[in-house]
Amino acid sequence: LRGQSKEHKTMMINVSVYKNVQHSVRLLAHQFVMDIKEAISVNFKMEKDALDNYIIKRIYKLWKQEFSDLDWDQLLKELNNAIEPLTVIEVNTSPYGDSLSYDEHEWPNGRTVIAIGGYSLSRGLTLEGLTTSYLLRNTKMYDTLMQMGRWFGYRRGYEDICRIYMPQDSIEWYEFITEATEELRDEFAKMRRAGMSPENFGLSVRAHPASLLITAKNKMRSS
């Protein structure tokens with residue numbers, strides 16, 4: 001409906017580094033997607049009668065809560081086209097693992113994918129068109145948390161649709177390191193205005209009062 005039907009669309013699920021857990025999650029997600037696809041394919045042309053289906057009813061409730069500026073009848077008609085190409089893959093080195101490719105020759109109309117993984121998702125892969133992140137993975141290192149932050153996704157025209165699902169602890173940790181990072185940026189700006197260098201300007205990073213570490217102790221050395 002927003003004219004981006006041929007753009008890549010990705011959801012990320014990152015709940016564990018263990019491949020057997022990733023595989024179990026993939027099977028659950030795949031079955032859930034199959035249930036949704038079946039409900040939509042049967043009901044998307046039925047207008048008001050579509051709401052007799054409990055899955056369509058859930059989608060309608062979500063639409064009413066968050067996206068009611070879009071026309072429901074238009075949305076219902078477009079759901080089948082939107083979800084039909086959706087696949088669920090696990091991105092790892094197990095026998096069940098898949099390649100997270102967005103090659104334009106292989107996917108000329110864009111790829112619609114739910115990518116499930118652990119380490120493989122966090123090591124240099126770009127998740128194109130990432131709008132939804134479901135994240136249980138956690139770390140107590142500022143620097144690793146910031147690296148993980150790139151998973152969260154951003155897309156012009158989709159700012160109201162991007163969603164991140166993660167534990168409350170993670171939310172609070174991200175709030176803290178965001179504040180610490182902004183403070184450090186301010187310190188750099190002061191140092192620059194003063195025409196000084198780190199050798200003679202005391203740069204500092206706010207320490208967490210409880211559990212977070214700025215980086216691994218072997219990297220901190222005498223800092």
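- By the 30° and 60° cut-offs, the orientation of the rings of Tyr134 relative to Tyr165 is tilted.
- In this structure, Leu136 and Met166 have side chains that are not in contact, with every pair of non-hydrogen atoms separated by 4.5 Å or more.
- Follow the hydrophobic side-chain contacts under 4.5 Å out from Tyr96 and you never reach Val15; the two are in separate clusters.
- With contacts defined as side-chain heavy-atom distances shorter than 4.5 Å, the pair Lys64/Trp72 does not qualify.
- Surrounding CD of Glu104 are at most 12 heavy atoms belonging to other residues, nucleotides or ligands under 6.0 Å away.
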**Thr112 vs Thr10, side chain to side chain contact (heavy atoms under 4.5 Å, CB included): CA-CA, chis, key distance, verdict** = CA-CA 6 Å; Thr112 305; Thr10 305; over 6 Å; no
**Request:** Kindly indicate, with the supporting measurements, whether the criterion side chain to side chain contact (heavy atoms under 4.5 Å, CB included) is fulfilled by Ile56 and Leu76.
**Result:** CA-CA 9 Å; Ile56 301 295; Leu76 184 62; 4.2 Å; yes
**Prompt:** What do the steps show when you test Trp63 against Tyr60 for ring-ring contact (aromatic ring centres under 6.0 Å, His included), and what is the final call?
**Reply:** CA-CA 5 Å; Trp63 165 79; Tyr60 178 82; 5.2 Å; yes
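- Here Leu28 pairs with nothing under the side chain to side chain contact (heavy atoms under 4.5 Å, CB included) rule; sequence neighbours left out.
- Between Tyr102 and Trp107, the ring center distance fails the sub-6.0 Å criterion.
- Ionic pairing of Arg2 and Asp160 is present here: one or more N-O contacts between side-chain nitrogen and carboxylate oxygen are shorter than 4.0 angstrom.
- The pair Glu84-Lys37 does not count as a salt bridge, with every side-chain nitrogen at least 4.0 angstrom from each carboxylate oxygen.
- Between Asp98 and Arg26 the shortest side-chain heavy-atom distance falls below 4.5 Å.
- Few gaps surround CD on Glu183; more than 12 heavy atoms of other groups in view lie less than 6.0 Å from it.
- Within 6.0 Å of CZ in Arg185 there are 12 or fewer heavy atoms belonging to other residues, nucleotides or ligands.
- Heavy-atom neighbours of His30 NE2 from other residues, nucleotides or ligands within 6.0 Å: at or below the threshold of 12.
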